[in-house]
Amino acid sequence: MTDTHAITGIDRLITGDPALGAGPLGIIEHATVVIDGELIAWIGPDAEAPRVARTLDGSGCVGLPGLVDCHTHSVWAGSRANEWRRRLAGEDYSAILEQGGGILSTVRATRAASFAQLVDDCAGRLAAALDRGITTVEVKSGYGLTPHDERRMLQAAREAGERVGVDVHLTFLGAHTVPAELRGDRAAYVRQVIDEQLPAVADLADDIDVYVDRGAFTAEEGQAILQAGRDAGLGVRVHAEQVGYTGIAEAAAAIGARSADHLERLDEAGIAAMARAGTVAVLLPTAMLYLRDIAPPVEALRAAGVRMAVATDLNPGTAPSGDLWAAATLACITMGLTVEEALIGITAHGAAALGRDDRGVLSTGKLADIALFRTPPGEPVHEDVLVQRLDGHRAALVVKRGRVVRGT
Ligand code: NIG
Ligand code: FE
C-alpha cells in the first residue's frame, strides 16, 4: 500500500452503512479508519484494526462521512440584508422580486462584480463549509442569466473549489428568473436558456436545475428546459412546489430527476412519482424559516420511502446561512425529522441527491472524506448532541480525499 495512514480511537463512528455497525447509522464504537491514497482501505473496531505506522488520534470525537451540502447558491455578489428588513416589516418575497429586487438585485451585483471577486467570496464560503466538516458542496449558477454570466459563475465556483480543496458539484440554473432586460418576454428568455446558455455551460455543469414557481417559470417551460439539459447529458434537479404548487416535482421525477428540492406544497401524486423514480427530496429548512413557510409533507415522504436529504440553500436572500448543522437541527424541529434522518440527510442522502455514490458513507473503497467533531464541555461524545445544539459546530479534524485539511 502507498501513502497509508489511519485515524484510530474514534469514540463513535457513524459509517452510514448498517452492515458495518449498530442501528440504522451503522455506528462503530472505538473505531479505526485506514486510508490509502484517496480511499478508505479498511474500517472497523480498533481491536481488529491492521497495524499502520502513521496514525492520528480520534479519541473524544464523533466521526462522520464528510458532510454533503447538496443545494447551495454559493456564488453571488452584493447583500440583501436591507431586503430582509423590508420582509420583517411585512413585504412579500415575490412582490420584492416583481419590483426588481430579490434575485434580480443579486443578478445586478453579480454581473457587475469582477471574476476575482466572485472567486474570492465563493472561496470564503467554501472554506467556512470545510471548517464545518462539509467536503462536497453543490453550487448553482442563476445570478448571471446570460450565456457569458452563467458560465462565469460556474467557472468561479470551480476555481474556488480547487483553491479551497472542497469538491464542488456544478449546477446550471439559467432558469432562476427572467432577467430585467427580457422581463416582458419570458418565451424569448426560455429560448435563450435552451439555445444559448445551455451550450455555453454544458461542458462545465454536472446538472441542470429550474425554478418553477409563481413569479418564475411554468411547469411546461421547466420541463422543456430540463429535457434539453438531460439531452445535453446533465443530471436533472428542480426547485419545486415552494411558493406555489405547479406539478413540476412529478414531471421532473418522470424524466428521472436526481432530486426535487423545497417541496413545501408537494402533493400525493408528486410523492408517488418521486418514490417510483428514486428522486431524492431535498429539504431546505433555513429557507422555510426565513420565509416563515409551512413544512413539506415529511410524514408522507417517509411513508412512501422517498429518501430525504437536508441542505442549506445558502443564498443572499432566502437562506443566508451555510451552516449545514443548523439546517439539520431545524429539519428536526420544524419538519419532524429524526436525528438519524437528519444525519443521513446531510451525508448519504445528500450524496445521493448529487448522484455521487462514491461518498456520503464510510466503507471500504469509498472516498476518504471524513469529519471528526468534539461535543461541548459537559456533554457526552454523542451524535445526538451535535444535532440537538445550534452552536455552529466546527470540525476537530477533516480529511478530504485522504488528506488532512483541518486539524492535526
Ligand atoms: O432556493 N427559490 C428560488 N431560489 C432561491 C432563492 C434565491 C434568492 O432569493 O436569491 C431559493 O430559495
Ligand atoms: Fe435554492
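Values in this document were obtained by computation on a predicted structure and should not be read as measured data. Worth knowing before you read on, the calculation uses all heavy atoms, side chains too, and leaves out hydrogens, waters and symmetry mates. Indexing begins at 1, ligand by ligand and atom by atom, following the structure's order.
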Next on the checklist: Using a strict cut-off of 2.8 Å, how many protein N/O/S atoms surround the Fe ion (ligand 2)?
Outcome noted: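 For the Fe ion (ligand 2), protein nitrogen, oxygen or sulfur atoms under 2.8 Å: 4.
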Return yes if a side-chain donor-acceptor contact under 3.5 Å exists between [X] and [Y], otherwise no.
X      : Y      : value
Ser321 : Asp323 : no
Tyr189 : Glu221 : no
Thr279 : Arg258 : no

Checklist entry - Are any of the side-chain nitrogens in Arg389 or Glu379 under 4.0 Å away from the carboxylate oxygens of its partner? => result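 Yes, Arg389 and Glu379 are salt-bridged.
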Item to check | Carboxylate-amine/guanidinium proximity below 4.0 Å for Arg359 and Asp167 | outcome: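 Here Arg359 pairs with Asp167 in a salt bridge, since their nearest N and O are under 4.0 Å apart.
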Next on the checklist: Test of understanding: with ring pair (Phe, Tyr, Trp, His ring centres under 6.0 Å), list the residues that count as partners of Phe373, not counting sequence neighbours.
Outcome noted: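 Ring pair (Phe, Tyr, Trp, His ring centres under 6.0 Å) list for Phe373, sorted by chain: Trp325.
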Checklist entry - Who are the ring pair (Phe, Tyr, Trp, His ring centres under 6.0 Å) partners of His169, not counting sequence neighbours? => result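 Residues passing ring pair (Phe, Tyr, Trp, His ring centres under 6.0 Å) with His169: none at all.
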Less than 3.5 Å apart, N/O on ligand 1 and N/O on the protein: could you list those pairs with the distances?
{"residue": "ligand 1", "atom": "1 (O)", "partner": "His73", "partner atom": "NE2", "Å": "3.3"}
{"residue": "ligand 1", "atom": "1 (O)", "partner": "His239", "partner atom": "NE2", "Å": "3.1"}
{"residue": "ligand 1", "atom": "1 (O)", "partner": "His262", "partner atom": "NE2", "Å": "3.0"}
{"residue": "ligand 1", "atom": "1 (O)", "partner": "Asp313", "partner atom": "OD1", "Å": "2.9"}
{"residue": "ligand 1", "atom": "1 (O)", "partner": "Asp313", "partner atom": "OD2", "Å": "2.9"}
{"residue": "ligand 1", "atom": "2 (N)", "partner": "Gln242", "partner atom": "OE1", "Å": "3.0"}
{"residue": "ligand 1", "atom": "4 (N)", "partner": "His176", "partner atom": "NE2", "Å": "2.9"}
{"residue": "ligand 1", "atom": "9 (O)", "partner": "Arg80", "partner atom": "NH2", "Å": "2.8"}
{"residue": "ligand 1", "atom": "9 (O)", "partner": "Tyr93", "partner atom": "OH", "Å": "2.6"}
{"residue": "ligand 1", "atom": "10 (O)", "partner": "Arg80", "partner atom": "NH1", "Å": "2.9"}
{"residue": "ligand 1", "atom": "10 (O)", "partner": "Arg80", "partner atom": "NH2", "Å": "3.4"}
{"residue": "ligand 1", "atom": "10 (O)", "partner": "Tyr143", "partner atom": "OH", "Å": "2.6"}
{"residue": "ligand 1", "atom": "12 (O)", "partner": "Asp313", "partner atom": "OD2", "Å": "2.9"}
{"residue": "ligand 1", "atom": "12 (O)", "partner": "Thr318", "partner atom": "OG1", "Å": "2.8"}

Item to check | His71 and His262 aromatic ring geometry - parallel, tilted or perpendicular at 30°/60° bounds | outcome: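 Plane angle over 60°, so perpendicular.
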Next on the checklist: For the CD atom of Glu250 and the CD1 atom of Ile271, what is their distance to the nearest 0.5 Å?
Outcome noted: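 Taking CD in Glu250 and CD1 in Ile271, the distance rounds to 11.0 Å.
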